[in-house]
Amino acid sequence: MNDDLINDNLMHENVTCQEALREVPAGLFGRTLNAVQPDVDMNKIAGSHDLLFICLDTLRYDVAVEEEAKGTTPVLNRYGPWEKCQAPGNFTYPSHHAMFAGFLPCPYEAKSIADRQPLFFPLNAGMGKKAPAGAFGFSGATIMEGLEKAGYDTWCVGGVAFFDKRSDLGRVFPGYFRRSYWNPSFACPVKDSTGNQVDFLLKKIEKADRDIPVFLYLNIDAIHYPNYFYLDGAVHDSLESHGAALRYVDGQLGRLFERWKAVRGSTFVICCSDHGTCYGEDGCQFHGINHPAVTTVPYKHFIL
């Protein structure tokens with residue numbers, strides 16, 4: 001293939017890309033995203049509050065609302081009901097790439113990507129250069145990069161293996177943060193993994209500069225398999241042990257929320273699952289598949 005033909009092909013590809021960009025329905029996004037007034041203005045939150053993004057990895061929506069109704073998760077219940085949402089992915093890796101780009105779980109009733117009330121809006125994703133009302137518009141590849149430009153220190157405290165930093169794959173997500181932490185006591189098979197993560201953070205915040213706002217991402221893996229050991233006498237994971245794991249996590253979050261607010265002041269919290277999981281429904285097991293038990297997740301945000 002000669003140079004002229006290569007150049008012609010490149011020129012054709014560039015023109016095709018430009019035409020594709022013109023086909024992005026930016027007007028649709030703008031009209032829909034601004035149709036619903038948000039319940040929080042992230043432009044007022046960003047810079048004035050710490051931000052805590054807590055992922056209850058693998059938590060199912062049905063289990064979350066059942067424990068909520070029984071009153072067995074008093075800490076999380078204190079901050080309002082769970083919202084039923086669609087997961088941005090069906091296992092940790094794709095879900096987190098979406099969430100870290102600003103695409104958090106969206107309302108279950110959503111019919112389009114535009115039917116969402118974003119907290120963070122990527123300004124270079126082909127959806128227009130103006131953030132919708134209430135959304136924090138950011139430039140860069142991730143919300144962490146955007147927040148760092150706004151003066152935030154960004155922390156990651158990992159849980160599941162995608163955050164354990166012992167492999168090339170396990171270093172991808174931690175690499176998005178200015179500071180990232182993981183040790184084996186935070187891992188899925190450790191019964192007190194959440195308690196260990198909270199203990200670590202309680203020491204961390206005592207030493208942190210209180211004049212610099214913090215964005216913390218915390219990946220809680222206690223609800224992920226294995227979780228049978230949270231239910232007395234159980235020998236395998238089940239919906240019942242899944243709920244027991246959530247009850248354990250709730251108690252640990254109480255310690256974190258109380259001390260974080262006391263030391264750091266007003267803090268905006270995003271708390272959600274990245275995906276659910278199956279325990280034999282319709283013959284399905286685990287996650288990484290598009291079963292409703294996997295793709296339906298709980299979500300809430302609130303201020304401490």
Side-chain angles (χ1 to χ4, degrees), residues 52-85 87 91-92 95 105 157-160 163 184-202 216-262 267 269-281 285-287 292-304:
L52 269 58
F53 181 3
I54 298 175
C55 178
L56 305 179
D57 203 296
T58 315
L59 177 60
R60 287 174 48 144
Y61 173 77
D62 54 354
V63 174
V65 295
E66 180 180 358
E67 297 298 332
E68 175 185 88
K70 292 190 296 187
T72 50
T73 50
V75 174
L76 288 167
N77 286 11
R78 191 179 307 151
Y79 299 103
W82 289 112
E83 180 183 354
K84 186 178 184 181
C85 285
F91 70 102
T92 299
S95 186
V157 174
V160 299
F163 293 88
S185 73
F186 300 167
C188 295
V190 179
K191 185 176 181 180
D192 202 25
S193 60
T194 309
N196 295 332
Q197 290 174 313
V198 171
D199 287 343
F200 172 82
L201 279 167
L202 294 183
L216 164 68
Y217 170 76
L218 172 60
N219 180 261
I220 291 179
D221 61 13
I223 302 160
H224 192 276
Y225 82 92
N227 57 46
Y228 69 88
F229 40 63
Y230 296 108
L231 194 63
D232 290 342
V235 295
H236 58 80
D237 292 358
S238 65
L239 277 174
E240 291 73 23
S241 61
H242 191 107
L246 176 58
R247 296 193 292 272
Y248 157 72
V249 167
D250 188 79
Q252 299 302 320
L253 286 178
R255 297 194 297 127
L256 177 62
F257 290 165
E258 180 179 0
R259 191 57 186 160
W260 193 288
K261 182 176 181 179
T267 301
V269 180
I270 300 164
C271 188
C272 66
S273 176
D274 54 343
H275 58 78
T277 199
C278 290
Y279 293 100
E281 295 87 353
Q285 296 286 346
F286 202 52
H287 40 271
V294 176
T295 58
T296 308
V297 294
Y299 172 92
K300 66 175 72 179
H301 58 240
F302 51 88
I303 293 178
L304 292 179

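A search for side chain to side chain donor-acceptor pair (under 3.5 Å) contacts involving Glu83 returns nothing, not counting sequence neighbours. Residues satisfying the side chain to side chain donor-acceptor pair (under 3.5 Å) criterion with Arg78, sequence neighbours excluded, are absent altogether.
From Leu253, atom CG reaches atom CG of Leu218 across 7.5 Å, with rounding to the nearest 0.5 Å. In this structure, CG on Asp199 lies 4.5 Å from CZ on Arg255, to the nearest 0.5 angstrom. Between the CD atom in Glu240 and the CG atom in Leu231 there is a gap of 7.0 Å [rounded to 0.5 Å]. Note that CD1 of Ile54 is 10.0 Å distant from CD of Gln197, once rounded to the nearest 0.5 Å. The CG atom of Leu201 sits 11.5 Å away from the CG atom of Asn196 when rounded to the nearest 0.5 Å. Atom OH in Tyr299 sits 5.0 Å away from atom CD1 in Ile270 (nearest 0.5 Å).
Residues Ile220 and Gln252 have side chains not in contact (no heavy-atom distance under 4.5 Å, counting atoms from C-beta outward). Taking the side chain as every heavy atom from C-beta outward, Trp260 and Val269 never approach each other to under 4.5 Å. For the pair Cys278/Val294, a side-chain contact is recorded, criterion being any heavy-atom separation below 4.5 Å from C-beta on. Within the 4.5 Å cutoff, side-chain heavy atoms of Leu76 are placed close to those of Leu246. When side chains are defined from C-beta on, Phe53 counts as touching Cys272, because their heavy atoms get closer than 4.5 Å. Side-chain contact check for Asp237 versus Thr277: every heavy-atom pair is 4.5 Å or farther apart.
Side-chain atoms of Lys300 do not come within 3.5 Å of backbone N or O of Tyr79 as any donor-acceptor pair. Under a 3.5 Å cut-off, the side chain of Glu281 and the backbone N or O of Ala293 do not form any donor-acceptor pair. Checked by atom type and distance alone, the side chain of Tyr61 never pairs as donor or acceptor with a backbone atom of Ser273 at under 3.5 Å. Between the side chain of Thr72 and the backbone N or O of Glu67 there is at least one donor-acceptor pair closer than 3.5 Å.
Closest approach of Leu59 and Pro298 over heavy atoms only: O-CD, 3.5 Å. Of all heavy-atom pairs between Asp274 and Ser95, the closest is O-OG, 2.9 Å. Considering every non-hydrogen atom in both Pro105 and Cys85, the closest pair reads CB-CB, 3.7 Å.
The stretch residues 216-231 participates, sequence neighbours left out, in these side-chain hydrogen bond (donor to acceptor under 3.5 Å, both in side chains) pairs: Asp57-Asn219, His96-Tyr217, Ser193-Asp221, Tyr217-Asn219, Asn227-Ser241, Asn227-Tyr279.
No close placement of the Phe163 and Phe186 rings is indicated, their centers lying 6.0 Å or farther apart.
With Thr296 as the fixed residue, the side chain to side chain contact (heavy atoms under 4.5 Å, CB included) test singles out one of Arg60, His275, Lys84: Lys84.
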